[in-house]
Q: 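Supplied in structure tokens, the structure appears directly below.
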Amino acid sequence: MVDALCWACKEMSDGDDDVPRLSADTLAALQEFYNETSHPDAPTAASADKFSVGAVGEDWGMSQFWYDDVTATRLAEEVIQEAGDGGRIACVSAPSVYQKLKQGVVEGSDRISAVLLEYDRRFAAYGDDFLFYDYNHPLALPAALQGAFDIVLVDPPYLALECLSKVTQTVKYLSKGKVLLCTGAIMEEHAEDLLGLRRCGFLPKHNKNLANEFRCFTSYDSRLLSC
């Protein structure tokens with residue numbers, strides 16, 4: 001991820017197109033990080049900064065790459081605006097945006113509710129806001145969530161049609177209509193074909209410099225993302 005994960009239940013492809021690629025210097029830094037830590041602890045309820053991006057550390061073995069603060073903030077502002085007062089937001093494989101929403105630093109965040117659908121069970125530390133999600137079982141979700149969200153923000157774990165096709169089932173199940181997809185630019189045609197999404201001008205960035213170009217795609221006329 002991108003902000004997403006390479007699920008433990010699926011082996012990485014021998015090809016380069018299915019996973020985010022890193023620059024050489026970033027790979028070296030990540031290898032050093034991974035050698036120093038096996039699995040960062042989940043945030044505890046007592047942690048004052050438990051919602052800070054990085055409270056749950058990136059796990060290189062799971063291909064976790066969090067958004068930088070500017071991107072997480074911009075996306076949080078976008079979904080708050082589109083959800084409206086009292087709106088419900090689903091963050092699918094996008095933990096850093098969920099964390100930014102819960103920090104209370106983005107205007108309007110106190111007037112919405114958000115949940116995180118995520119494979120990494122360390123995020124279960126967030127209690128009832130956490131829902132275990134495996135894209136290989138896209139509709140293994142509570143019936144109460146069907147059509148329950150004013151906007152769904154999703155960052156699929158793989159840059160592959162197979163993955164996006166399954167995630168599309170999840171998005172359609174959860175959403176009332178508004179969708180914000182963050183994925184590789186190479187997925188643009190699939191995003192349009194599967195979900196009817198259009199590319200935005202905003203360029204999402206990650207704390208680690210991914211070699212792949214990432215873009216945002218929406219099902220609506222986005223004001224903050226300059227479609």
Side-chain angles (χ1 to χ4, degrees), residues 1-10 42-45 50-51 53 55-56 59 62-64 66-67 72 75-76 78-104 106 108-158 160-183 191 194-197 217-220:
M1 294 196 227
V2 149
D3 211 335
L5 304 172
C6 289
W7 309 129
C9 59
K10 177 174 179 177
T44 64
K50 70 173 184 174
F51 291 116
V53 177
V56 176
D59 185 334
M62 297 178 73
S63 294
Q64 293 178 336
W66 305 153
Y67 292 131
L75 294 176
E78 174 74 2
V79 293
I80 288 171
Q81 181 165 324
E82 295 302 327
D85 287 354
R88 300 184 68 187
I89 299 167
C91 298
V92 181
S93 304
S96 52
V97 178
Y98 166 81
Q99 289 167 327
K100 183 59 66 174
L101 289 168
K102 300 297 286 187
Q103 288 173 19
V106 180
S109 60
D110 59 332
R111 300 192 296 273
I112 56 87
S113 62
V115 299
L116 174 64
L117 284 77
E118 176 58 61
Y119 185 81
D120 187 345
R121 292 187 185 273
R122 289 179 297 162
F123 290 98
Y126 293 140
D128 291 342
D129 283 355
F130 170 83
L131 294 163
F132 176 76
Y133 172 69
D134 182 347
Y135 85 89
N136 288 297
H137 305 283
L139 298 179
L141 300 166
L145 298 186
Q146 186 170 8
F149 295 96
D150 296 284
I151 185 167
V152 175
L153 183 151
V154 57
D155 185 344
Y158 288 103
L161 176 59
E162 176 266 346
C163 177
L164 185 57
S165 295
K166 292 179 178 178
V167 170
T168 292
Q169 296 179 55
T170 303
V171 169
K172 290 181 176 180
Y173 185 85
L174 297 172
S175 177
K176 293 180 180 179
K178 291 183 179 179
V179 177
L180 170 53
L181 168 69
C182 299
T183 189
L194 291 171
L195 286 163
L197 307 184
F217 305 87
T218 63
S219 62
Y220 56 90

Q: Classify the ring geometry of F51 against Y126: parallel below 30°, tilted from 30° to 60°, perpendicular beyond 60°.
A: parallel

Q: So, do Y133 and Y119 have ring centers that fall under 6.0 Å from each other?
A: no

Q: Flag the pair V106 / L101 as yes when at least one side-chain heavy-atom distance between them is below 4.5 Å, and no otherwise.
A: no

Q: If you measure from CG on D155 to OG1 on T183, what distance do you get to the nearest 0.5 Å?
A: 6.5 Å

Q: Once rounded to the nearest 0.5 Å, what's the spacing between atom OG of S93 and atom OH of Y158?
A: 11.5 Å

Q: Under the side-chain contact (heavy atoms from CB on, under 4.5 Å) rule, what do E82 and T218 come out as? Steps first, then yes or no, please.
A: CA-CA 11 Å; E82 295 302 327; T218 63; over 6 Å; no

Q: Which heavy atom in Y98 sits nearest to a heavy atom in V115, and how many Å separate them?
A: CD1-C, 4.1 Å

Q: Hydrogens and angles aside, do Q103 and K100 bring a side-chain donor and acceptor to less than 3.5 Å of each other?
A: yes

Q: Which heavy atom of Y173 sits nearest to which heavy atom of A143, and what is that distance?
A: OH-CA, 3.3 Å

Q: Report yes if the side chains of E162 and N136 come closer than 4.5 Å at any heavy-atom pair, otherwise no.
A: yes

Q: What are the two closest non-hydrogen atoms of T170 and P138, and how far apart are they?
A: OG1-O, 2.8 Å

Q: Main chain of G177, side chain of S219: is a donor-acceptor contact present, judged purely on distance under 3.5 Å?
A: yes

Q: How close do E118 and P95 get, heavy atom to heavy atom, and via which atoms?
A: OE1-CD, 3.5 Å

Q: Would you check if L197 and V179 make a side-chain contact, meaning some heavy-atom pair closer than 4.5 Å?
A: yes

Q: Quick check: do Q99 and Y67 have side-chain heavy atoms less than 4.5 Å from each other?
A: no

Q: Determine whether L181 and V171 make a side-chain contact, defined as any pair of heavy atoms from C-beta on separated by less than 4.5 Å.
A: no

Q: I want to check something: taking the side chain as every heavy atom from C-beta on, are L117 and L174 in contact at a cut-off of under 4.5 Å?
A: yes

Q: Measuring from atom OG of S113 to atom CG of D128, what distance do you get when rounded to the nearest 0.5 angstrom?
A: 12.0 Å

Q: Compare every heavy atom of F130 with every heavy atom of D120, then report the nearest pair and how far apart it is.
A: O-CE1, 3.6 Å

Q: Name all pairs fulfilling the side-chain hydrogen bond (donor to acceptor under 3.5 Å, both in side chains) condition that reach into residues 143-153, sequence neighbours left out, sorted by first residue then second.
A: D150-K176

Q: Measuring only between side-chain heavy atoms, which start at C-beta, is L153 closer than 4.5 Å to E78?
A: no

Q: Any chance you could lay out the side-chain contact (heavy atoms from CB on, under 4.5 Å) test for L145 and L131, step after step, and finish with the verdict?
A: CA-CA 11 Å; L145 298 186; L131 294 163; 3.4 Å; yes

Q: Which heavy atom of Y220 sits nearest to which heavy atom of I151, and what is that distance?
A: OH-CD1, 3.6 Å

Q: Could you work out, with side chain to side chain contact (heavy atoms under 4.5 Å, CB included) as the rule, every residue matching T168, not counting sequence neighbours?
A: L164, K172, L194, L195

